[in-house]
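The structure appears right after this line, and notes come after that.
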Amino acid sequence: MDSSPTDESSVDRRRIEAALSALVRKNRFTIAVVFPLVGAALFVASREAWLPTWLAMNPTLVLFGTLVMRLPLVAGLTPLVDRRAGLGLFAVAAYSYAVEYVGVHYGVPYGEFSYQLELGPMVGGVPVGLPVFFLPLVVNSYLLVVLLLPRAGWLRRTLAALGVVLVVDLVLDPAAVGLGFWRYDGGGVYYGVPLSNFAGWVLSGLVAIALVEWGFDRDALAARLRDCEFALDDFVSFVVLWGAMNVYFGNWVAVALAVGLSAGLVRADRFDFVGLGRERPEQS
């Protein structure tokens, strides 16, 4: 009997997912460690004016490097993305655009700020690639909590994930401000970042986490995380890149928080790529 179009498309999807997983697994150390270290070096070289103008803080290069570091998260989650999960992720992306547009033009909920560098194509003062930057921060935080608190109920899980999201922003924002990605009018008490920014992240993070919680089946997600050793490699690259940048700027509170995130990843057994721990090459 001939396969139906639906069966053929399912087979094609599984082949693509398997190929992407194989690509990520083969290049785990390069993606999770080498890319962020090279990115940190290029950021420093750009700020110190060691690079030609066309290369310094090149938005295409920044976006490309970010997309490469996102590959483990994409490969890890793609097998779980059905219609409901896809709708949830789309809603988070749409929400991120909306809240960022309001933030840039009206100063809420984060406080008055503006982008100083174009992080790829910009529309209405907001990067078109914003979901590439924002959505993984929320999803990675949620996944780490699912691993560390497997028996937590939805409320505890949501609040814990929100706490991790806030720590992520406490690591990210000071270094991003130091690099001149964006600037808060009037500065702020935390390495140039105002407290209103973190209050805004409570709101935006809570909505985004709720949408992720709604979109994914938690049991299926937990099972995938147990089987997929590289699912949080994107979080590893985040800690490496932004931890290194905060060391460069001497933002020692942010460095300590990055170390705390790395401790959470170690406890969740996520530092397990070549040279840093166990491997499970038989998994897909």
Side-chain angles (χ1 to χ4, degrees), residues 69-70 72-74 76-78 80-82 84-100 103 109-110 130-173 193 195 197-239 241-243 254 256-271:
M69 289 185 288
R70 298 300 187 239
L73 182 63
V74 174
L77 285 186
T78 297
L80 301 180
V81 178
D82 55 14
R84 178 167 177 148
L87 182 59
L89 293 174
F90 177 81
V92 175
Y95 173 74
S96 69
Y97 279 124
V99 75
E100 197 77 357
Y110 305 114
L130 180 66
V132 175
F133 300 111
F134 173 76
L135 197 154
L137 303 181
V138 174
V139 175
N140 282 326
S141 300
Y142 182 80
L143 295 182
L144 182 60
V145 168
V146 170
L147 275 171
L148 293 178
L149 302 175
R151 295 186 178 86
W154 72 267
L155 180 58
R156 185 184 175 199
R157 188 166 56 247
T158 298
L159 293 177
L162 180 59
V164 177
V165 167
L166 287 175
V167 172
V168 164
D169 189 51
L170 285 162
V171 172
L172 170 64
D173 247 298
V193 183
L195 296 180
N197 170 71
F198 304 110
W201 270 78
V202 171
L203 172 62
S204 60
L206 186 60
V207 173
I209 290 165
L211 289 169
V212 173
E213 171 83 20
W214 173 83
F216 286 91
D217 180 279
R218 195 204 62 82
D219 291 335
L221 195 59
R224 176 61 176 167
L225 288 172
R226 288 193 298 269
D227 293 339
C228 183
E229 75 279 14
F230 58 74
L232 276 175
D233 281 7
D234 180 36
F235 213 164
V236 174
S237 65
F238 172 88
V239 171
L241 174 59
W242 296 106
L257 291 172
V259 171
L261 289 175
S262 68
L265 289 164
V266 168
R267 183 176 178 186
D269 201 11
R270 293 296 115 171
F271 279 89

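Index from 1, following the sequence.
- Distance check: L130 CG to E100 CD gives 5.0 Å after rounding to the nearest 0.5 Å.
- In this structure, F238 and L261 have side chains that are in contact, with non-hydrogen atoms separated by less than 4.5 Å.
- At most 12 heavy atoms of other shown residues, nucleotides or ligands fall within 6.0 angstrom of atom CZ in R267.
- Annotation: side chain of N140 is not in contact with side chain of L144 (no heavy-atom distance under 4.5 Å).
- With a 4.5 Å cut-off on side-chain heavy atoms, R156 and V145 do not count as touching.
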*Step by step, work out the side chain to side chain contact (heavy atoms under 4.5 Å, CB included) result for V165 and L137.*
CA-CA 7 Å; V165 167; L137 303 181; over 6 Å; no
*Where do F134 and V99 land on the side chain to side chain contact (heavy atoms under 4.5 Å, CB included) test, with the steps shown first?*
CA-CA 11 Å; F134 173 76; V99 75; 5.9 Å; no
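- Between the side chains of Y142 and T158, no donor-acceptor pair is found at a separation under 3.5 Å.
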_Could you walk me through whether Y110 and S204 satisfy the side-chain hydrogen bond (donor to acceptor under 3.5 Å, both in side chains) test, starting with their C-alpha distance in whole Å, then the side-chain angles of each, then the deciding distance to 0.1 Å, before giving a yes or no?_
CA-CA 9 Å; Y110 305 114; S204 60; 3.1 Å; yes
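- Between V92 and P131 there is no side-chain heavy-atom pair separated by less than 4.5 Å.
- For W214, the CH2 atom counts as densely surrounded, since its 6.0 Å shell holds more than 12 non-hydrogen atoms of other residues, nucleotides or ligands.
- Between L232 and L147 there is a side-chain heavy-atom pair separated by less than 4.5 Å.
- N197 has its side chain within reach of D173: a pair of non-hydrogen atoms, C-beta onward, lies under 4.5 Å apart.
- With a 4.5 Å cut-off on side-chain heavy atoms, V139 and P136 do not count as touching.
- When all heavy atoms are compared, the tightest approach of L89 to L135 is O-CD1, 3.6 Å.
- Shown here for E213 and W154, the closest heavy-atom pair between the two residues is OE2-CB, 3.7 Å.
- Nearest approach of R270 to L225, heavy atoms of both residues: NH2-O, 3.3 Å.
- For the side-chain contact (heavy atoms from CB on, under 4.5 Å) test with L257, the passing option among V168, L166, V171 is V171; the others fail.
- The CG atom of D217 sits 8.0 Å away from the CG atom of L221 when rounded to the nearest 0.5 Å.
- The distance from the CE atom of M69 to the CG atom of L73 is 12.5 Å, given to the nearest 0.5 Å.
- Residues L149 and A160 approach most closely at CD1-CB, 3.8 Å, considering heavy atoms.
- Across all their heavy atoms, R224 and L80 have their closest contact at CB-CD1, 3.6 Å.
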*asked:* Before you tell me yes or no, could you show the steps for R157 and I209 under side chain to side chain contact (heavy atoms under 4.5 Å, CB included), namely the whole-Å CA-CA distance, both residues' side-chain angles and the distance that decides it to 0.1 Å?
replied: CA-CA 10 Å; R157 188 166 56 247; I209 290 165; over 6 Å; no
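- V193 has its side chain within reach of F198: a pair of non-hydrogen atoms, C-beta onward, lies under 4.5 Å apart.
- Within a 6.0 Å sphere centred on CZ of R84, heavy atoms belonging to other residues, nucleotides or ligands number more than 12.
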*Show your working on side chain to side chain contact (heavy atoms under 4.5 Å, CB included) between F235 and V164 and close with a plain yes or no.*
CA-CA 11 Å; F235 213 164; V164 177; 4.1 Å; yes
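- Minimum interatomic distance between L206 and L162 (heavy atoms only, all atoms of both residues): N-CD1, 3.7 Å.
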